[in-house]
Every structure is written in structure tokens, then in C-alpha cells.
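Here the structure is laid out as C-alpha cells; the discussion comes afterwards.
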Amino acid sequence: MLENKIHIFENPLQTAKAVAEFIAKEVSNTGKKQFNVAISGGSTPNLLFTLLSEEYKEKVDWRKIALFWVDERCVPADDNESNYGNVKKLLLDKVSLSENQIFQMIGENDPAFEVERYENLLVQNLPEKDKTPIFDLVLLGMGDDGHTASIFPNNLKLLRSENFVATAKHPTSGQNRITLTGVTIENALQILFVITGNSKAVVLDEILKEKHNSENYPAFHILKNTKAEIYLDRDASVRLKK
């Protein structure tokens, strides 16, 4: 079984609360002036953003945070599917983050242009190791198909791309995406997977127990290549003890 640290909580809310607590402590304890975080979209992250803007609003030192995005759908910011738009409504409009702390992936831009722009933005605003930008923390989810960020099972080459940012396409809808690549994600100082729901249980079990088809899943490769920690609810973890 993959030797990543697994934390299991009763439900999605408790899982999100544990991650909020983790973020608050890490930001408080850092000796750095800027704590660089890359965030993902999804139902559980939305719970997290709500908690951060309400219960944890006064517990997080927002002055230190620089907020980046793991991936984005190529839609306008006011579209319901926009990761940035959801974060803006749930978090950015409610806490003290200035514009120069927010590094948005712009879904309205031409995808090829946005990849180049965002890659340059990372290079200019993040420290580097091995000539690759370093995040202090990357928050990832996992889809029912084992994808993470916008790296899907039919496009595993993005895990080993030499670029820091790339275009991607949803395998079913054909929707264009912008995503951090594997090399950028894996260079982070800390990676947290936040995975909830029974629909993730089978794939998560295959990944963590390194079953024969586990290498088909992008999340497997990130977990295998890093010391990522995994925050789960009971439903997502239900098969792990079998």
C-alpha cells in the first residue's frame, strides 16, 4: 500500500475543517513573508472555502497568503463552472486579500496564450528548485476516474511534461482546461489530496493498494512520487480496510 499519510474523518464537512485547520497552522507557523498556495475546485474545496471565509476568517493570517490555481475551465469568470468564480464568491469577496495576492488563471483567454502567461507568472512570483517553481502547498482533489488537477487518464503525458502549465481537454465533454503539470505539482513542499464521497472509493482503493490498473490513474503517480497527505471522509475510505 502506498505509504502516504492518510487522515480519515466522519463526513465532508469534518474533512474540510481539518484541512482549514492545517492551512491556518501552516500559515501561522511559516517564517516566510509569503505562503504560496495552489487550490483546486470541486464540492469539498467549496466547503473548505466557505469554512475559511467564516469560521476561520480570523484564524488565518491572510496577509501572508498568495493564492494560485491548480487548474481552470476555459469559461468566463461569471460562469458557474469557473473555479475562480466559485472561489471569488465563497472566499475572495469575504476575506482580506488584495489583488496582488491573487494569481487567477483566466478562463476567458485563448488557452495557448493563457498557458504561456500563467507559466511566466509562476516563474516571476515563486521561488524555484531544480529550475521549477515551488509552491508551499498544493491542494488536490480526485475525480471518479482517478484524474487530478486537469490531468486525465487519457493524457498521462502531462505528468511528465517539461512545461509547468499546459492545456488539457475533458475526455467526455471536450471542454478545454488549463492545468499545472505533474512536474510543477510534485515540486511543491506539501501536497494535500482532499477526497470525499463513496463514488471515489473503488478507484482510491485501487490506487492506494497499487492494484494492476493503478498506473492508469493520474492521482496514483502524484501519490507515488511525493509524500502527499490524504484527507478522506468515511465514504471515500470504506474499501481501504478490506
Side-chain angles (χ1 to χ4, degrees), residues 2-7 15-42 44-45 48-49 51-52 56 59-72 83 87 91 95 97 100-105 118-142 147-151 158-166 178-195 207-208 218-232:
L2 290 179
E3 294 180 359
N4 300 88
K5 294 182 181 178
I6 299 172
H7 310 269
T15 308
K17 187 171 288 191
V19 176
E21 191 71 32
F22 178 92
I23 292 170
K25 287 181 179 178
E26 288 298 304
V27 175
S28 175
N29 293 336
T30 185
K32 302 173 184 177
K33 291 183 178 180
Q34 182 169 300
F35 189 83
N36 300 301
V37 185
I39 57 174
S40 300
T44 305
L48 170 64
F49 303 142
L51 282 169
L52 287 171
Y56 286 81
K59 298 179 182 180
V60 175
D61 187 348
W62 298 104
R63 298 168 300 174
K64 292 183 179 180
I65 287 183
L67 210 57
F68 299 79
W69 270 254
V70 169
D71 64 337
E72 181 58 279
N83 286 341
V87 177
L91 180 65
V95 298
L97 281 170
N100 63 4
Q101 292 174 271
I102 300 168
F103 297 89
Q104 176 192 358
M105 280 184 177
Y118 209 73
E119 188 163 284
N120 288 334
L121 183 150
L122 298 185
V123 171
Q124 293 165 8
N125 289 278
L126 294 176
E128 59 88 19
K129 177 184 177 184
D130 299 328
K131 299 183 179 179
T132 302
I134 302 175
F135 286 103
D136 292 294
L137 175 63
V138 172
L139 296 174
L140 296 174
M142 187 190 77
H147 86 265
T148 191
S150 281
I151 305 175
L158 291 183
L159 291 165
R160 302 277 72 89
S161 171
E162 293 182 358
N163 297 318
F164 307 141
V165 186
I178 309 296
T179 186
L180 301 184
T181 60
V183 67
T184 312
I185 293 168
E186 291 177 9
N187 210 42
L189 297 180
Q190 297 180 94
I191 300 170
L192 262 58
F193 273 86
V194 187
I195 303 170
I207 288 172
L208 293 180
F220 167 82
H221 295 275
I222 301 294
L223 286 166
K224 187 173 183 179
N225 293 333
T226 69
K227 295 181 179 179
E229 299 198 17
I230 310 170
Y231 283 65
L232 308 173

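Along the sequence shown, residues are numbered consecutively beginning with 1. Since the model is a prediction, treat every value here as computed from it, not as a measurement.
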For the residue pair Leu158 and Ser150, what are the closest heavy atoms and their distance?
-> CD1-O, 4.3 Å
Short side-chain to backbone donor-acceptor contact, Asp61 and Ser28, under 3.5 Å = no
Closest contact, heavy atoms only, Val183 versus Ser161 | CG1-O, 3.4 Å
With a 4.5 Å heavy-atom cut-off, do Val37 and Ile23 have their side chains touching?
-> no
Taken in chain and number order and not counting sequence neighbours, the residues that satisfy side chain to side chain contact (heavy atoms under 4.5 Å, CB included) with Ala228 are Asn4, Ile191, Phe193, Leu223, Thr226
Check: Asp71 main-chain N/O paired with Asn83 side-chain donor or acceptor under 3.5 Å = yes
Could you check Leu67 against Leu97 for side-chain contact (heavy atoms from CB on, under 4.5 Å), going step by step and ending with a plain yes or no?
-> CA-CA 9 Å; Leu67 210 57; Leu97 281 170; 4.3 Å; yes
Going by the side chain to side chain contact (heavy atoms under 4.5 Å, CB included) test, name the single residue among Ile178, Ile39, Val138 that passes it with Val70.
-> Val138
Determine whether Leu122 and Phe135 make a side-chain contact, defined as any pair of heavy atoms from C-beta on separated by less than 4.5 Å.
-> yes
Arg160/Glu186 salt bridge by N-O under 4.0 Å criterion | yes
Beyond-backbone contact of Val165 with Thr184, side-chain heavy atoms, under 4.5 angstrom | no
Checking Glu119 side chain against Phe164 main chain: does a donor-acceptor pair fall under 3.5 Å?
-> yes
Taking Gln101 for the side chain and Ile65 for the main chain, is one N or O donor matched with an acceptor at less than 3.5 Å?
-> yes
Quick check: does any side chain N or O of Glu229 sit under 3.5 Å from a backbone N or O of Lys5, one acting as donor and the other as acceptor?
-> no
Any donor-acceptor pair under 3.5 Å from Asp136 side chain to Asn36 backbone = yes
Non-hydrogen atoms of Leu48 and Ala20 that approach each other most closely = CD1-N, 3.6 Å
Distance under 6.0 Å and angle within 45° of ring axis: Lys59 vs Tyr56 = yes
From CZ (Phe103) to CD (Gln124), nearest 0.5 Å = 10.0 Å
Heavy-atom closest contact (Ile207 atom, Ala219 atom, distance) = CD1-CB, 4.0 Å
Residue pairs, two or more places apart or on separate chains, that pass salt bridge (Lys or Arg N to Asp or Glu O under 4.0 Å) and touch residues 123-132 | none
Under 3.5 Å: donor-acceptor pair, side chain of Thr181, backbone of Asn163 | yes
With Ile230, the side chain to side chain contact (heavy atoms under 4.5 Å, CB included) member among Leu208, Leu140, Val194, Leu192 | Leu208
At their closest point, which heavy atom of Lys64 faces which heavy atom of Thr30, and how far apart are they?
-> NZ-O, 3.3 Å
Between NZ of Lys227 and CG of Leu189, what distance do you get to the nearest 0.5 Å?
-> 12.0 Å
Below 4.5 Å, heavy atoms only, C-beta onward: do Phe68 and Leu121 meet side chain to side chain?
-> yes
Smallest separation among heavy atoms of Ser40 and Gly141, with atom names = OG-N, 4.2 Å
Within a strict 4.5 Å, meaning less than it, do heavy atoms of the Leu159 and Phe220 side chains meet?
-> no
CG (Asn225) and CG (Asn187) are apart, to the nearest 0.5 Å, by 12.0 Å
Do side-chain atoms of Tyr118 reach the backbone of Leu180 as a donor and acceptor pair under 3.5 angstrom?
-> no
Working to the nearest 0.5 Å, report the span between CD1 of Ile222 and CD1 of Ile151.
-> 5.5 Å
